Amino acid sequence: MRVRFPVLLLSLAVIFFLTTEAAAAPLPAVDLNIHPSDSPEQVVDSVKLLVLLTLLSLAPAFLVMMTSFTRIVIVLSLLRTALGVPLIPSNQVIVGLALFLTAFIMAPTYKQINEDALQPYLNNQISQQEAQELAAKPLRSFMIRQTRDKDLGLFVNLAKMEKPEKPEDVPLHVVIPAFVISELKTAFEIGFLLFIPFLVIDMVVASLLMAMGMFMLPPVMIALPFKLLLFVMVDGWSLVVKSLVESFR
């Protein structure tokens, strides 16, 4: 108590000094008013700002649906389930690894967008509409490379549009959903292949326990160390990450 009392007095003195200085200093005035516009250009700028803020709020959805993130996070989640440890690694680790792998895979595409569209637009060399068209080309090219012709044709037919002469002529609102369902199918195919070796271990362990008459011992408890040992011995994380990265090339 003897030690805390002087500290308390010192803290009160500091707070009193700071509040006194703040009261003596002039406070900045904050004014939030809505004024009528003097020209149509001001209204257009306000609408553009509103649209930009709306697009920024949808940026996470764009990141998930228009990049390699979907395939990566599904494969890593299925791998975690196949190992028999549904909570390890945690969701934060899975999503973090998927984000960094997405940044690594999408780096060439984003570099091309920056060189062809963003930098010329910031230097006032092209208009905003031209920048959007130039930025869409590399992204469309990436998604079309990963999209099956069957899925792309499905959404072309659903959109009731004329068959394009080449895939690059397909608009983005048709390419994106086709790309997403292709990514889902590819991710589940990779996940199925990951399940096979761990499923074999589960079947072998269950058969041995039944042959030994140990019906009360859960096979999962015995199979889990062997699955982890196998995954570590073959350097599983490196193999899975390497396969994921190479699947986009």
Side-chain angles (χ1 to χ4, degrees), residues 52-122 131-132 134-148 151-152 172-173 175-198 224 227-249:
L52 178 61
L53 293 177
T54 304
L55 292 177
L56 289 178
S57 65
L58 298 176
F62 293 157
L63 174 63
V64 171
M65 296 301 169
M66 300 174 64
T67 63
S68 58
F69 180 85
T70 302
R71 183 190 304 185
I72 296 173
V73 76
I74 291 177
V75 170
L76 294 180
S77 299
L78 290 176
L79 173 62
R80 185 175 59 179
T81 304
L83 285 171
V85 283
L87 299 178
I88 301 174
S90 63
N91 291 331
Q92 291 82 356
V93 175
I94 294 295
V95 173
L97 179 58
L99 286 174
F100 280 106
L101 289 177
T102 300
F104 178 79
I105 294 171
M106 300 297 297
T109 303
Y110 290 152
K111 181 180 179 182
Q112 186 177 356
I113 293 175
N114 180 62
E115 295 177 351
D116 297 344
L118 182 58
Q119 292 301 325
Y121 174 70
L122 294 178
Q132 293 175 355
L134 291 174
K137 289 182 180 180
L139 198 58
R140 183 190 292 109
S141 177
F142 169 80
M143 289 189 291
I144 288 178
R145 288 200 307 269
Q146 309 302 326
T147 304
R148 293 176 173 84
D151 298 329
L152 190 60
L172 280 179
H173 73 276
V175 174
I176 294 174
F179 169 74
V180 172
I181 63 173
S182 291
E183 287 294 283
L184 291 175
K185 182 178 181 180
T186 304
F188 279 102
E189 289 176 350
I190 298 175
F192 170 76
L193 296 177
L194 290 176
F195 262 90
I196 293 178
F198 302 114
L224 179 58
K227 289 191 288 187
L228 293 177
L229 179 62
L230 173 65
F231 191 70
V232 172
M233 289 181 61
V234 300
D235 199 7
W237 288 111
S238 296
L239 291 177
V240 171
V241 170
K242 179 182 177 181
S243 300
L244 282 173
V245 174
E246 290 182 347
S247 66
F248 288 96
R249 297 179 178 175

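Owing to the predicted nature of the structure, the values given are computational and were not obtained by experimental measurement. For the single chain, residues carry numbers from 1 onward in sequence order.
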Sorted by chain and residue number, the side-chain contact (heavy atoms from CB on, under 4.5 Å) partners of I74 (sequence neighbours excluded) come out as T70, L78, L184, A187
Residue pairs passing the salt bridge (charged side-chain N to carboxylate O under 4.0 Å, His left out) test with at least one member in residues 90-106, sequence neighbours excluded, are none
Contacts of N91 that satisfy side-chain contact (heavy atoms from CB on, under 4.5 Å) - sequence neighbours left out: R80
Is I105 close to F100 at the side-chain level, that is, under 4.5 Å between some pair of heavy atoms? no
K137: side-chain contact (heavy atoms from CB on, under 4.5 Å) partners, not counting sequence neighbours: L134, R140
Identify every side-chain donor-acceptor pair in residues 229-236 under 3.5 Å, counting partners at least two apart or on other chains, and give the distances.
from : atom 1 : to   : atom 2 : distance (Å)
D235 : OD1    : S238 : OG     : 3.3
D235 : OD2    : S238 : OG     : 3.1

Flag if over 12 foreign heavy atoms under 6.0 Å of CD1, I88: no
Pairing residues for S141 by the side chain to side chain donor-acceptor pair (under 3.5 Å) criterion, not counting sequence neighbours: R145
Which pairs, with at least one residue in residues 90-109 and sequence neighbours excluded, count as a salt bridge (charged side-chain N to carboxylate O under 4.0 Å, His left out)? none
Sorted by first residue and then second, give each salt bridge (charged side-chain N to carboxylate O under 4.0 Å, His left out) pair with at least one member in residues 90-109; sequence neighbours left out. none
Holding to side chain to side chain donor-acceptor pair (under 3.5 Å), I want the full list of residues that pass it with R148, two or more places apart in sequence or in another chain. T186, E189
Identify, with sequence neighbours excluded, every residue that meets side chain to side chain donor-acceptor pair (under 3.5 Å) alongside S77. none
With sequence neighbours left out, what residues match Q146 under side chain to side chain donor-acceptor pair (under 3.5 Å)? R71
Salt bridge (charged side-chain N to carboxylate O under 4.0 Å, His left out) pairs touching residues 82-97, sequence neighbours excluded, are none
